[in-house]
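The first residue of the sequence shown is numbered 1, and numbering continues consecutively from there. All heavy atoms count here, side chains included; hydrogens, waters and symmetry mates do not.
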Amino acid sequence: MKNNNNGEVEAELKAPLLVKLEEEKQELSPFVSKNSSETDCLINDEEQEDLTRRVWIESKKLWHIVGPSVFSRIASYTMNVITQAFAGHLGNLELASITIANTVIVGFSFGLLLGMASALETLCGQAFGAKKYHMLGIYMQRSWIVLFLYAVLLLPLFIFATPLLLFLGQPQDVAEQSGLVAMWLIPLHFSFAFQFPLQRFLQSQLKTGVIAWVALAALVVHIFVSWLFVNKLGLGLIGTAVTLNFSWWVLVFGLFGYTVLGGCPLTWTGFSFQAFSGLWEFLKLSAASGVMLCLENWYYRILVLMTGNLKNAEIALDALSVCMSINAWEMMVPLAFFAATGVRVANELGAGNGKAAKFASIVSVTTSLIIGLIFCVIIMIFRENLAIIFTSNAAVLGAVDKLALLLAITILLNSVQPVLSGVAIGSGWQASVAFINLGCYYVVGLPVGAILGWVFNLGVSGIWSGMIGGTAVQTLILIIITVRCDWDMQAKRASALAERLADPSPQQLRA
């Protein structure tokens with residue numbers, strides 16, 4: 001009883017204290033809630049600042065590759081323009097011959113060898129990310145071997161260029177002159193087999209500045225040599241072809257000199273017999289890369305050929321040529337993002353950072369899309385006078401005005417599609433994307449374009465619209481694949497691929 005009485009007394013004494021504590025708790029609850037909200041806001045602000053910082057860091061890494069890549073691509077493109085300008089001053093036949101030889105014959109080998117060299121973006125990028133530095137030099141030497149062999153196999157394309165062009169419907173005089181020019185461009189053809197791997201070897205280790213400087217030097221040399229060979233020495237059409245050979249080999253020797261003379265001490269340790277091992281695996285990836293990019297490269301060339309078969313196609317061809325020229329200049333930007341994305345994704349996958357590879361893809365696609373939207377707006381604002389720098393013909397200006405919307409849509413799609421292809425290159429999906437390109441471009445795009453152009457009599461607008469449809473389907477499929485990608489699994493696959501292609505012993509055997 002005594003204990004019970006003591007408990008009751010204790011409870012009575014505590015009751016006022018408990019009531020007081022509850023009152024104080026209620027009084028403080030708004031402040032607790034407010035402080036909690038402020039804490040949440042601080043966390044959100046920190047997350048936002050962290051995201052902004054990550055985007056800034058990734059953007060700097062991307063533009064470290066994109067900037068020099070844009071410049072070097074424009075420099076290379078400008079060398080071709082300068083050659084055509086010198087040929088144009090010799091005569092219309094000379095201009096047509098150098099243009100066709102460069103576009104059709106050299107263009108075919110350029111697209112295939114460039115695509116095959118893109119396998120190095122996967123392999124060198126992943127090896128660099130995994131810090132297997134010695135393998136970069138081995139991969140490049142393997143690429144030289146494979147591309148040189150393919151260059152030899154493509155020689156009949158240059159030797160028999162005249163009958164091939166006659167078969168494609170070119171006039172006799174143009175076919176003969178173009179065939180002669182093609183023979184003189186064989187050294188240019190072989191320079192691709194060495195220059196493309198060198199460029200990707202340096203690009204994968206972020207040594208992009210030297211690529212831009214060598215491209216600038218080659219451009220300066222090209223201008224001087226063109227003036228010397230054509231104007232001073234009077235070598236005519238052959239002189240214009242020789243200038244391209246000379247300038248592109250300047251690119252090769254400039255990049256090779258930098259590589260072997262101490263510019264890449266970790267990744268270049270000399271010629272090695274290791275380069276002859278694992279060639280079959282390397283060949284398969286190179287072939288898939290070549291087919292993947294060739295299918296894209298030829299797609300819009302076919303657009304020009306299809307337009308040329310329309311009735312009264314002269315104005316349509318002129319307008320399309322203007323639009324394709326504008327598109328080609330603007331494509332230097334997304335193609336630079338294509339290269340940068342391939343390198344960044346490969347680097348991160350090689351280092352085992354799947355999430356970082358995903359983030360690099362998102363930043364690259366978003367940045368390229370914003371630039372594409374800006375160009376779209378510019379195209380639509382100046383659509384009526386878009387062709388004024390190319391021609392003053394009112395009919396052509398009007399035709400370009402009508403095609404401006406299609407040009408804007410093409411530029412918008414091309415601001416995303418090449419970047420997604422860069423993700424594929426960095427991840428090693430070349431074979432899968434080659435099949436996607438084949439289906440979208442040649443099963444969907446070309447047939448739909450032909451139907452719209454001829455059956456529905458929409459002409460060049462119909463042909464182009466169908467081909468845009470193919471590109472749109474391809475872009476959509478690549479978006480779905482990229483979004484659904486298991487990036488951690490891709491990082492594991494990158495490590496497995498590196499193990500398969502690496503020699504069991506890391507010690508090199510010097511040649």
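Contact check for Trp429 versus Cys485: side-chain heavy atoms found under the 4.5 Å cut-off. Residues Leu406 and Ser465 form a side-chain contact, since some pair of their non-hydrogen atoms from C-beta on lies under 4.5 Å apart. Side-chain contact between Trp213 and Leu216: present, with at least one pair of heavy atoms (C-beta onward) separated by less than 4.5 Å. In this structure, the side chains of Trp487 and Thr482 come closer than 4.5 Å at one or more pairs of heavy atoms. Counting only heavy atoms from C-beta outward, the side chains of Phe158 and Val106 approach each other to under 4.5 Å. Looking at heavy atoms from C-beta onward, Thr243 lies out of side-chain contact with Phe86 at the 4.5 angstrom threshold. With contacts defined as side-chain heavy-atom distances shorter than 4.5 Å, the pair His222/Trp248 does not qualify. Residues Ile105 and Leu157 have side chains in contact (heavy-atom distance under 4.5 Å, counting atoms from C-beta outward).
Checked by atom type and distance alone, the side chain of Ser368 never pairs as donor or acceptor with a backbone atom of Val365 at under 3.5 Å. Formation of a donor-acceptor pair under 3.5 Å by the Ser364 side chain with backbone atoms of Ser361 is not found in this model. Between the Thr366 side chain and the Val363 main chain, no donor and acceptor come within less than 3.5 Å of each other.
For the pair Cys376 and Ala408, the tightest heavy-atom approach, listed with the atom from each and the gap, is SG-O, 2.9 Å. The two residues Met116 and Leu147 have their closest heavy-atom pair at CB-CD1, 3.8 Å. Nearest heavy atom pair, residue Ala127 against residue Leu136, reads CB-CD1, 3.6 Å. Closest of all the heavy-atom pairs between Leu185 and Ala241 is CD2-O, 3.6 Å. Residue Ala275 comes nearest to Arg142 through the heavy atom pair O-CG, 2.8 Å, listed as atom of the first residue, atom of the second, then distance. When all heavy atoms of Leu62 and Arg344 are compared, the closest pair comes out as CD2-CG, 3.8 Å.
Aromatic ring orientation, Phe256 versus Phe271: tilted (interplanar angle from 30° to 60°). Ring geometry for Phe201 versus Trp268: interplanar angle over 60°, hence perpendicular rather than tilted (30 to 60°).
Judged by a 6.0 Å distance limit and a 45° cone about the ring axis, Arg54 is positioned over the six-membered ring of Phe359.
Residues passing the side chain to side chain donor-acceptor pair (under 3.5 Å) test with Gln205, sequence neighbours excluded: Thr267.
Side-chain polar atoms of Arg200 and Ser204 form no donor-acceptor pair below 3.5 angstrom. In summary, the side chains of Thr122 and Gln126 do not present any donor paired with an acceptor at a separation below 3.5 Å, with no hydrogens or angles considered. Checked by atom type, the side-chain pair Trp249/Gln195 shows no donor-acceptor distance below 3.5 Å.
Between Phe190 and Phe148, the distance separating the two ring centers is shorter than 6.0 angstrom. Aromatic ring centres of Phe196 and Phe110: separated by under 6.0 Å.
From Arg493, atom CZ reaches atom CG of Asp486 across 8.0 Å, with rounding to the nearest 0.5 Å. Leu420 contributes atom CG, which lies 12.5 Å from atom CD1 of Ile425 (distance to the nearest 0.5 angstrom).
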Could you walk me through whether Leu244 and Asn102 pass the side-chain contact (heavy atoms from CB on, under 4.5 Å) check?
-> CA-CA 10 Å; Leu244 279 174; Asn102 221 354; 3.7 Å; yes

Please lay out, stage by stage, how Leu202 and Cys264 fare under the test side-chain contact (heavy atoms from CB on, under 4.5 Å).
-> CA-CA 8 Å; Leu202 293 168; Cys264 305; 3.5 Å; yes

